[in-house]
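Read through the structure below, which is laid out as structure tokens, and then see the notes.
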Amino acid sequence: MNRWIMAAPQAGGRLPQMPFESGTYQRLTCGDAGLYFQRDGRFSGDQLFAGDDRGLMVSDGVLLNLSELKAEYGAGDLAQVIRRSWEENGGEFFKRFAGPFCGCVYRREEDTLTAFGNQTGDTMVFTCLAGGCRLVSNDLNMIEAVIRVNGYPRTLDETAMLHLMSFGFMVDCRTAFREIKRVFPGELVKLEPTGEARRSVYHRFSFQPREVTFSEAIELVDASFRKAVRRCQEKDREYGVREHLTDLSGGLDSRMTAWLSHAMGYGPAVYVNYCQSTSDEIRFASQIANVLGGQLFFKQLDDANFLYELDRLVALNYGLSVFFGITGGEQLLRTLDSHRFGLEHTGQIGDAVIGTLANEPGATVQDAQHSLKYSQTVSCALPEELLAGYENFEAFAMYTRAFLGALSSHAIRRHYVYAVSPFMDPEMLSLCMSIPLDYRREHKLYWAWLDAKYPAAAKVPSTRPRPEAPSARRLRQMKKKLRRKLRLLADPQASPNHMNPTDYWYKTKPELRRFIDSYYRENRPLLDGYPETAERVDRMYASPKSVDKLLSINVLAVVKRYFSPEK
């Protein structure tokens, strides 16, 4: 990926020492401000790194609708699109962009730095006010390097660590550092010369339903999804990519990305899958690959080897989320020649888009903070002012569990590829959020869409079950509760027939248990100065649940990476 950092002093301050090699990083300056960047050469026509005596600009990433904007504005390149969009939208020139984009603008006349990310937050960008300086970067580790080299104060955000242990990710703009903030999805942050950070919204998804029949909803979803798939695949073609790198699991989301891409004539595809070899995930994915044709690369996770790479994964995802969220995906990506491919085509958050995370009727925003947690072992009550910012359960779930949680794996993926999903297309997402919840609950609309439009895809078995009749669901739930009480039903995670069976690995691999125990013992002293976090980590580590133990050493790894004494 491209790496960049923009810096400008606050009023009366000066630029800090920038620890980036001049031979590796390019530099642009404007007055007292500076831009340091390193480009990998991919998708260069979708990016702009520029500067003159009026200011500096970074527009980074991939714009899936750039060709549409060029045609609309009569523009020949991105610079002309930005110029025309600026005339139309002012400083929010990026508000109509679609895809994994982010950037920053320094305006010398105003002496302001404006940082922005995309609508779903998967292209992360960070801001920092420290040492009389303003910093913006797409790589938190670059900001951390500036803080460390210049001896600026760094403070562990213990609330962020509580979020990590409870939800598995930060539920707001926090990072591990109190001094570093993440730009929230659909927002921009303007850093003033006074040191004030002004946040504003340029895009917010609405979760209010429209009047539409069920059959009309199927047609709308199909048309919008096909347009989103076309945008993703055409971007590969634009850059001469011959093979499309495509995730393929046993569920429906990546299946439909792969199926529609194939049906619309985009190929050949190279499919990738990583899971436990005894799970239905690879069995069903293989059946889809056999139907569609194309290569399938499979990485088995039976050895759980990726869990031992805790320190590496925390450094790659900046400690923003569970290190095991991408499971073996990072190991697979780093074995591939990423320059051979273009985008990584995924089915990310499809279950939350055509389906919903709000499957319980009547659930409130207050309910969401409990039902969406990874772990209930430590208490974590979110402030009312944070919850009040969401109109309903689904809004909170989408912006936190989907955008900040599920899409946090993109922090790791983007070290190798730009990951895209047609379900994340702003138009597709907006459409689906306007479809009544009753249609989307329990994937009723999802399965009806497949049955009506792609029956062959629906016939291949899936790890996502079809909707149950209410009576059958109630009976199943009653049986499940009874078996739990009798301790006759093990946790599904303890079965090897699961994509990522952490309980199974923990119970059957003594070497993994030894690794977790030794990591805890060796790094627990790092929390001696943080009594509240120490008490919570101890409680998580003492839990019999494997996920709690992994979350406990996850926090220790974050503190080790960013706050150990040698740092």
Side-chain angles (χ1 to χ4, degrees), residues 207-226 248-260 279-281 283-285 287-288 291 347-364 367-368 371-372 392-398 401-402 406 421-423 428-429 431-484 489 492-493 495 497-499:
F207 297 81
Q208 296 304 315
R210 66 167 74 182
E211 290 188 10
V212 62
T213 67
F214 194 78
S215 58
E216 287 172 341
I218 291 174
E219 296 299 327
L220 288 170
V221 164
D222 190 57
S224 185
F225 191 75
R226 293 178 74 91
L248 188 59
S249 71
L252 297 182
D253 303 334
S254 60
R255 170 185 307 195
M256 294 314 297
T257 297
W259 196 279
L260 263 294
S279 74
D280 288 336
E281 288 286 340
R283 188 160 61 89
F284 297 160
Q287 292 181 41
I288 292 292
V291 172
Q348 287 278 61
I349 69 170
D351 58 336
V353 176
I354 298 185
T356 180
L357 295 171
N359 272 314
E360 292 299 324
T364 66
D367 296 326
S371 61
L372 297 177
N392 52 37
F393 181 104
E394 189 170 35
F396 178 85
M398 182 63 75
R401 182 64 175 268
S421 167
F423 298 98
M428 174 70 183
L429 221 160
L431 166 70
C432 289
M433 293 307 97
S434 73
I435 294 174
L437 259 177
D438 286 343
Y439 294 176
R440 293 184 281 122
R441 282 198 176 102
E442 298 182 335
H443 300 100
K444 288 182 290 188
L445 176 63
Y446 211 138
W447 278 107
W449 172 49
L450 266 65
D451 289 337
K453 298 293 184 178
Y454 312 100
K459 288 179 181 178
V460 180
S462 170
T463 54
R464 181 171 300 154
R466 285 180 175 271
E468 296 178 298
S471 58
R473 183 171 62 255
R474 285 194 297 270
L475 179 60
R476 177 178 55 80
Q477 291 173 343
M478 288 173 61
K479 288 181 178 180
K480 188 174 181 180
K481 289 179 181 178
L482 178 61
R483 288 171 181 167
R484 278 180 177 172
L489 181 64
Q493 290 273 30
S495 166
N497 186 18
H498 191 275
M499 187 176 184

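- Comment: R440 engages E394 in a salt bridge, judged by a side-chain N to carboxylate O separation of less than 4.0 angstrom.
- In this structure, F214 and Y439 have perpendicular ring planes: the angle between them is above 60°, well past the 30° mark.
- Side-chain atoms of D351 and Y446 include no donor-acceptor pair closer than 3.5 Å.
- Between the OG atom in S421 and the CD atom in Q348 there is a gap of 6.5 Å [rounded to 0.5 Å].
- Contact record, L220 with L431: O-CD2, 3.3 Å, taken as the closest heavy-atom pair.
- The closest donor-acceptor contact from the side chain of S254 to the backbone of S249 lies under 3.5 Å.
- Under a 3.5 Å cut-off, the side chain of N392 and the backbone N or O of A395 do form a donor-acceptor pair.
- In this structure, I435 CD1 and F207 CZ are separated by 13.0 Å, a value rounded to the nearest 0.5 Å.
- Closest non-hydrogen pair, T364 versus F393, comes out as O-CD1, 3.2 Å.
- Ion pairing between K444 and D438 fails under the 4.0 Å rule for side-chain N and carboxylate O.
- Across all their heavy atoms, W447 and R464 have their closest contact at CZ2-O, 3.1 Å.
- The pair E219-K453 meets the salt-bridge criterion, since a charged nitrogen lies less than 4.0 angstrom from a carboxylate oxygen.
- Using a 4.5 Å heavy-atom cutoff, the side chains of P422 and R226 are not in contact.
- Between F423 and F225, the ring planes are tilted. Angles from 30° to 60° get that label.
- For the pair E442 and T356, the minimum side-chain heavy-atom distance is 4.5 Å or more.
- Taking D451 as the reference, R466 meet the salt bridge (Lys or Arg N to Asp or Glu O under 4.0 Å) condition, with sequence neighbours excluded.
- Looking at L252 and H443, their side chains never come closer than 4.5 Å, going by heavy atoms from C-beta outward.
- Across all their heavy atoms, T257 and G347 have their closest contact at OG1-CA, 3.8 Å.
- The closest side-chain heavy-atom distance from P436 to V212 is below 4.5 Å.
- Annotation: the span from L372 atom CG to F396 atom CZ amounts to 6.0 Å, rounded to 0.5 Å.
- Atom OG of residue S371 and atom CD of residue E360 lie 8.5 Å apart, to the nearest 0.5 angstrom.
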>> Working note: M398 + M433, criterion side chain to side chain contact (heavy atoms under 4.5 Å, CB included); need CA distance, chi angles, decisive distance, verdict.
In response: CA-CA 10 Å; M398 182 63 75; M433 293 307 97; 3.8 Å; yes

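- What you find for Q287 and P461 is that their closest heavy atoms are OE1-CD, 3.4 Å.
- Using a 4.5 Å heavy-atom threshold, the side chains of M256 and I354 count as separate.
- The minimum heavy-atom distance between A452 and I218, with the atom names listed, is CB-CG2, 4.3 Å.
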